[in-house]
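To keep things clear, I will list the structure first and then write my remarks on it.
Scope of the values below: all heavy atoms of this structure, side chains included, with no hydrogens, waters or symmetry mates. For reference, positions follow the sequence shown, starting with 1. Computed from a predicted structure; not experimentally measured.
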Amino acid sequence: MKKFTKIFAFAMALMMVFALQAPVSAAEKGAVQAVNQEQAQATVQADTYTHRVYSLYYNQSMKKCPVTIQVTSNSSNHYTYEVQLLDHTKKKVIAQDDCALYAFFDLKKNQLYYYRVRATAYDYTQKKYVPVSDWSYGYGINTAICKVKLSGKKIKIKVPKVKGVKKFTLYMSTKSDKGYKKVKKVKPGKTVVISKFKNKAFKNGKYYYYNVVSKKNETRLKHNFHIYTRYVRR
C-alpha cells in the first residue's frame, strides 16, 4: 500500500510538471501581447522621436514636387515608422511609406498636403509590424507654384488656386535661405503687382526670392526672379 502511494504521488508530481509546461491559451497570449505592446508604447513615448520635412523642390521634367520626410529617434531601440501622406482635409490617406529614417513621396503641384507618423515594432506572435505609438501630425506642405511676369521693374505674380486654401501671404527676400519679409496677402487665383521691396525699387541685375504661405510653419517651395533690362539698338 505504501508503494502504491509513492507511485501515485510521483505520478501527480509529473502531471504538475507537465501542467506547468503546457502552452498558454489564446486569451493568455492576447493578454501577454497587450502588456508587451503597452510596454513598447511607454518606451517609445519615453524615448520620443521627431520628424520634419527634410527637402521639397519642383522637378520640371517630372512635373512633380519630390518631398523627403525625416524621422529621428533619441532611442537606442530600433523602430520603423509608418509615414502617411494626407490630403488638405487631413482625413484621406493618399500614400504611405514605411521607413527607418527617410520617407519619400512625389507630390502634385498646386496642392496642400499634410502628413502623420507613428512608430512600429515587429510582433513575433502576429509575425508582422504593429503600431507602438499614437499618430504624430506634421505641419502642412504647400506646393503652390506661381506664374511670374516682368514688366520693366514691376513684377506680376499670379497665385494658383489650391484646395483648402482661402488666402496666401506673399514673402520676399534678397537671399534664398533667410531675410524673408511679408509683402502682402493675396487670394488664390489672383495676380499681385509689386514695384518695390523694403520701400526700394527693384535693382537691375539682382535676384529676388519669394514664396507664398497659406498657414504658419508650413513647408513651401522657394521661387526666384531676376531683374534685368533689355537694350535695343536703334
**Q.** ILVMFWY network linking Tyr57 to Val148, side-chain heavy atoms under 4.5 angstrom
**A.** no
Q) Would Ile155 end up clustered with Val192 when hydrophobic side chains under 4.5 Å apart are linked, directly or stepwise? A) yes
Q.
Minimum heavy-atom separation for Arg118 and Trp135, please, with both atom names.
A. NE-CZ2, 3.2 Å
Q) Is there side-chain contact between Met172 and Ile194, with at least one heavy-atom pair below 4.5 Å? A) yes
Q: Supply the atom-to-atom distance Lys187 NZ to Lys166 NZ, rounded to the nearest 0.5 angstrom.
A: 11.0 Å
Q | Lys200 NZ to Ser195 OG distance, which is reported to the nearest 0.5 Å | A | 15.0 Å
Q) Linking I/L/V/M/F/W/Y whenever their side-chain heavy atoms sit closer than 4.5 Å, directly or via other members, would Leu107 and Leu221 fall into one cluster? A) yes
**Q.** Nearest atoms (heavy-atom pairs only) where Pro188 meets Lys161
**A.** CB-CA, 3.8 Å
Q: Determine the minimum heavy-atom distance between Asp87 and Thr89, stating which atoms define it.
A: OD1-OG1, 2.7 Å
Q) Do Leu86 and Lys91 have side chains that get closer than 4.5 Å, going by heavy atoms? A) no
(Q) Keeping Thr120 on the side-chain end and Pro131 on the backbone end, is there a donor-acceptor pair under 3.5 Å? (A) no
Q. Does Phe105 share a hydrophobic cluster with Val53, counting links as ILVMFWY side-chain heavy atoms below 4.5 Å and allowing steps through other members?
A. yes
Q: Mind checking side chain to side chain donor-acceptor pair (under 3.5 Å) for Asn224 and listing every partner two or more places apart, or none if nothing turns up?
A: none
Q. What distance do His88 atom NE2 and Asn142 atom CG have between them, rounded to the nearest 0.5 Å?
A. 13.0 Å
Q. Are Leu112 and Ile141 close enough that some pair of their side-chain heavy atoms sits under 4.5 Å apart?
A. no
Q: Could you tell me whether the side chain of Lys184 and the main chain of Leu170 form a donor-acceptor pair under 3.5 Å?
A: no
Q: Not counting sequence neighbours, which residues clear side chain to side chain donor-acceptor pair (under 3.5 Å) with Tyr102? List them please.
A: Gln70
Q | Gap between atom OH of Tyr115 and atom NZ of Lys90 - 0.5 Å precision | A | 11.5 Å
**Q.** ILVMFWY cluster, Val117 and Tyr129 together (side-chain gap under 4.5 Å)
**A.** no
Q. When rounded to the nearest 0.5 angstrom, what is the spacing between OH in Tyr139 and NZ in Lys216?
A. 8.5 Å
Q: Measure the shortest side-chain to side-chain distance between Thr174 and Phe197 over non-hydrogen atoms and say whether it is less than 4.5 angstrom.
A: yes
(Q) Let's go through Tyr58 and His223 carefully: what are the C-alpha distance in whole Å and the side-chain angles of both, what is the deciding distance for side-chain hydrogen bond (donor to acceptor under 3.5 Å, both in side chains) to 0.1 Å, and is it a yes or a no? (A) CA-CA 10 Å; Tyr58 180 64; His223 311 274; over 6 Å; no
Q: Ignoring hydrogens and angles, tell me if any N or O in the side chain of Glu218 forms a donor-acceptor pair with the backbone of Ser214 under 3.5 Å.
A: yes
Q.
Does Lys182 qualify as a cation-pi partner of Tyr171, given the criterion of NZ or CZ under 6.0 Å from the six-membered ring centre and within 45 degrees of its axis?
A. no
Q.
Side chains of Asp98 and Thr80, heavy atoms from C-beta outward: is any pair under 4.5 Å?
A. no
Q. Yes or no on side-chain contact (heavy atoms from CB on, under 4.5 Å) for Cys65 and Leu56, after CA distance, side-chain angles and deciding distance?
A. CA-CA 7 Å; Cys65 302; Leu56 173 69; 4.1 Å; yes
Q) Between Gly138 and Tyr114, which heavy-atom pair has the shortest distance, and what is it? A) O-CD2, 4.0 Å
Q.
In the structure I gave you, are the side-chain heavy atoms of Val212 and Thr169 within less than 4.5 Å of one another anywhere?
A. no
(Q) As a quick check of understanding, evaluate ring pair (Phe, Tyr, Trp, His ring centres under 6.0 Å) for Tyr124 and Tyr122, giving each step before the final call. (A) CA-CA 6 Å; Tyr124 289 92; Tyr122 191 77; 4.9 Å; yes
Q. Is there side-chain contact between Asn110 and Lys163, with heavy atoms separated by less than 4.5 Å?
A. no
Q | Under 3.5 Å: donor-acceptor pair, side chain of Asp97, backbone of Phe104 | A | yes
Q: For the pair Ser173 and Lys181, evaluate side-chain contact (heavy atoms from CB on, under 4.5 Å) and give the outcome as yes or no after the intermediate values.
A: CA-CA 6 Å; Ser173 176; Lys181 301 295 183 182; over 6 Å; no
**Q.** Full working for side-chain contact (heavy atoms from CB on, under 4.5 Å) between Tyr180 and Lys178
**A.** CA-CA 6 Å; Tyr180 282 86; Lys178 61 182 180 179; 5.8 Å; no
Q) Between CZ of Arg220 and CG of Asn211, what distance do you get to the nearest 0.5 Å? A) 4.5 Å
Q) Which pair of heavy atoms, one from Ala119 and one from Ser133, lies closest together, and at what distance? A) N-OG, 2.8 Å
Q: Verify the ring-centre separation between Tyr81 and Tyr49: is it less than 6.0 angstrom?
A: yes
Q: Apply side-chain contact (heavy atoms from CB on, under 4.5 Å) to the pair Leu150 and Lys156, showing each step before the final yes or no.
A: CA-CA 6 Å; Leu150 303 179; Lys156 293 182 179 180; over 6 Å; no
Q.
Any non-hydrogen side-chain atom of Lys154 less than 4.5 Å from a side-chain atom of Phe202?
A. no
(Q) So which atom in Lys108 and which in Tyr113 form the shortest heavy-atom distance, rounded to 0.1 Å? (A) N-OH, 3.0 Å
Q) Less than 6.0 Å separating the ring centroids of Tyr208 and Tyr210? A) no
